[in-house]
Amino acid sequence: MEKKKLHGAALYLSLLGAAAVLCLAAGLVWLLRGQTARQAPRYLLKDNAGHVALYAGDGAGPLAQYDELYTHLLPESDVLALQQGVPVYSETELQKRLEDYGL
């Protein structure tokens, strides 16, 4: 009887250990996949004379300026990001970011 309990506990711990190793491996794959070289941004959103402006991914432009979006009305973290240039990788992301800024 004692051997059955010991055998059951060893089996349980072995399965638990295997599940933990599997989770760690999956997390490592997910982390490494996120660190692969990402494509160049399609656009940059930047501060231009106190307004949000749209630039090409290489910084050329501005392609458009959103005069109704005043950067001084945005949170400080957004203002700092816009001063550096916020990379945008798709049209969908562009629309979402503009909505986040209040357009």
Which heavy atom of L74 sits nearest to which heavy atom of Y101, and what is that distance?
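That closest heavy-atom pairing would be CD2-O, 3.5 Å.
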For A53 and N48, which heavy atoms make the closest approach, and how far apart are they?
CB-CB, 3.6 Å
Run the side-chain contact (heavy atoms from CB on, under 4.5 Å) check on L54 and L45 step by step: do they pass?
CA-CA 5 Å; L54 180 67; L45 286 171; 3.9 Å; yes
Is L63 reachable from L82 through a run of I, L, V, M, F, W or Y residues, each pair having side-chain heavy atoms under 4.5 Å apart?
yes
Is there a path of hydrophobic side-chain contacts, each under 4.5 Å between heavy atoms, that joins V79 and Y66?
yes
Could you please spell out the steps behind the side-chain contact (heavy atoms from CB on, under 4.5 Å) verdict for E91 and L94?
CA-CA 5 Å; E91 295 289 331; L94 174 61; 4.1 Å; yes
Would you check if P87 and L44 make a side-chain contact, meaning some heavy-atom pair closer than 4.5 Å?
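Yes. Closest side-chain heavy atoms under 4.5 Å.
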Counting only heavy atoms not in Q84 (residues, nucleotides, ligands), do more than 12 fall under 6.0 Å from its CD?
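It does not: Q84 CD has 12 such atoms or fewer within range.
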Have a look at R97 and tell me which of D78, V88, L103 forms a side chain to side chain contact (heavy atoms under 4.5 Å, CB included) with it.
V88
Is there a side-chain contact (heavy atoms from CB on, under 4.5 Å) between L98 and L69 once you walk through the steps?
CA-CA 9 Å; L98 291 173; L69 292 179; 4.1 Å; yes
If you round to the nearest 0.5 Å, how far is CD of E68 from CG of L73?
12.0 Å
T71 side chain to G50 backbone, donor-acceptor under 3.5 Å:
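A pair under 3.5 Å: yes.
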